[in-house]
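Data first, discussion second: the structure below is written as structure tokens.
Values in this document were obtained by computation on a predicted structure and should not be read as measured data. In what follows, every chain begins at residue 1, and chains take the letters A, B, ... in the order their sequences are listed. Only heavy atoms go into these numbers, but all of them, side chains included; no hydrogens, no water, no symmetry mates.
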Amino acid sequence: MPASEIARHVRARCAADAASAGAVRLTLAGRSALLSANPYVAPSLLRTLGHLATTAEDRPSLTLRAARLREEDSDVLGTGCAPVAGIVQPSPDGRSVVHVERWTVGHLDRSEGRIDVLIAPAELPSWRLAKPLQLLLSIHLADRGIDVVHGAIVSIEGRGVLITGAGGSGKSTAALAAFLDGFDFLGDDCVAVDAGLARGYSLYGAVCIEHDHLPSFGGMTAFVQSASDKAVVALSEVAPQRVVHDTELVALVVPRFTGAVEVTTAPLAKRDALLALAPGSIVRRAVPPAAALSRMCRLVERLPCFAMATGPVDGIGPALRRLLEET
Amino acid sequence: MNSNDVFEPAADRVAGEVIDGEAILIDLVTGVYYSMDGVGGRIWRLVERGVASSAIVDAIVAAYDVERDIAARDVSAVLGELTRDGLIRRSSREPQPADAVAGERLPYLPPQLQRHRDLEDLLALDPPSPGMKQIPWK
């Protein structure tokens, strides 16, 4: 089905289904957004986006409407044939982007600042349950000079650390360990960054944890939302006041598990910091590659960068505290 | 390689930046990313600027304590590698001058193009959504 017809279908369904839903105002990367979600899909969205709720009534720069993806929608839109990564269909003029996945069909109007999406929450894999609309949000934010990066952010008293690195380097572990140690949390592997302002923003308040890793984070087991592959934990339900919207960024940390007895940090060459941040945030991502790399380069030049040799999980929080005190 | 050849980054395929004199290049097609320090970073800067290959050699000799024939060999080797990996291509644009180099010549270390392949396998196993590359950006 042509992208224009998919867009028309999704907009019409959202206009009908989400119209009667209550609207929630969110602060998304420092800007106002308005979320209207059908009661069937609202709980799953609010579980991961609800921490961004605000009482501010600025004119929204993004309108999000979400309705249920029904079987008849799937038949019409052909979602059953979509690959796991989904299909992206931009319009020739680039104003409109459609993203078709098996369990979500979204449309972004880049000029109007509107995302309409049909979702089947019961069918979503854990990584999509925890981080919905990631591609379309990335495009919307990139159009405004804000990059969604492959990294985690934790902070204390408004001073934040961007934790980045290759897959499996320990970003999520470090972020969760810091959270358990009392840090504020903004994201474990997908966060937004304004390089010009050196500010980090939370997008999602839910994280995915391997089921057999949950005992390491004992306090969270009561908040698991069941999913077939990983456990989805809404940290905003664990400690609502400590999942925050945004923070100043004062340091960049690249973790590496060494098994050392003590967790230590040491200065890291800018080149190595950029190598840790940029490739994973650009390759396979819906970002303008050259502009995003340039912005990340400016951010790395601006922030003190450190390598963190990790060992025991409970040593990570104290090591990050020491680093923040010295930075 | 002709000494008057001018090259340009393959903008549809590579994103590159120089930080602290080191070039970081990302191949958006394969997921391989590269780093080149010192002399290599300077070569990349000169390619971006559109300096002809012979003038790149001149600039390296002016900046580093190296014999011209060695510099020419190494510049040719790097440009060849970048070309073979699809990161640069011959350009039809007019050659641009390199900036004048002042000060003492720095110690010379042959440029090395370091490849990082950890994302390459990931990209092969889990390619991006079809259509992603067609998204136009301002």
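R284(A) approaches M132(B) most closely through the heavy-atom pair O-CE, 3.2 Å. The heavy-atom pair separating S129(B) from V88(A) by the smallest distance is CB-CG2, 3.4 Å. For the pair A286(A) and W137(B), the tightest heavy-atom approach, listed with the atom from each and the gap, is O-CH2, 3.6 Å.
Heavy-atom distances place no part of A269(A) under 4.5 Å from chain B, backbone and side chain included. The part of L135(A) that comes within reach of chain B is its side chain, from C-beta onward, which places non-hydrogen atoms under 4.5 angstrom from that chain. Contact of V287(A) with chain B is made through the backbone alone, with heavy-atom distances under 4.5 Å. Proximity to chain A (any heavy atom under 4.5 Å) is shown, for V14(B), by neither the backbone nor the side chain. Looking at E22(B), only its side chain comes within 4.5 Å of chain A, counting heavy atoms on both sides. Neither the backbone nor the side chain of E120(B) has a heavy atom closer than 4.5 Å to any heavy atom of chain A. Using a 4.5 Å cut-off between heavy atoms, L119(B) contacts chain A through its side chain alone, with no backbone atom that close. Of the two parts of R110(A), only the side chain, counted from C-beta on, holds a non-hydrogen atom closer than 4.5 Å to a non-hydrogen atom of chain B. In this structure, the portions of I135(B) lying under 4.5 Å from any heavy atom of chain A include both its backbone and its side chain.
Residue R114(A) qualifies as enclosed at atom CZ: its count of foreign heavy atoms under 6.0 Å is above 12. In the displayed structure, E48(B) atom CD is contacted under 6.0 Å by more than 12 heavy atoms of other residues, nucleotides or ligands. Atom CZ of R256(A) has 12 or fewer neighbouring heavy atoms from other residues, nucleotides or ligands inside a 6.0 Å radius.
Distance check, rounded to the nearest 0.5 Å: CG of L28(B) to CD1 of I282(A) gives 7.5 Å. With rounding to the nearest 0.5 angstrom, the CD1 atom of I26(B) is 8.0 Å from the CG atom of L275(A). Within the model, atoms CG of L274(A) and CD1 of I19(B) stand 5.0 Å from one another, a figure rounded to the nearest 0.5 Å.
When C297(A), G167(A), G94(A) are compared by the number of non-hydrogen pairs under 4.5 Å with chain B, C297(A) comes out ahead. Note: P289(A) leads A290(A), S91(A), P289(A) in heavy-atom pairs under 4.5 Å with chain B. Per-residue counts of heavy-atom pairs under 4.5 Å with chain A were compared for T30(B), D20(B), D37(B); the largest is that of D20(B).
E17(B) pairs in a side-chain contact (heavy atoms from CB on, under 4.5 Å) with only one of the listed residues (M296(A), E301(A), R298(A)), which is R298(A).
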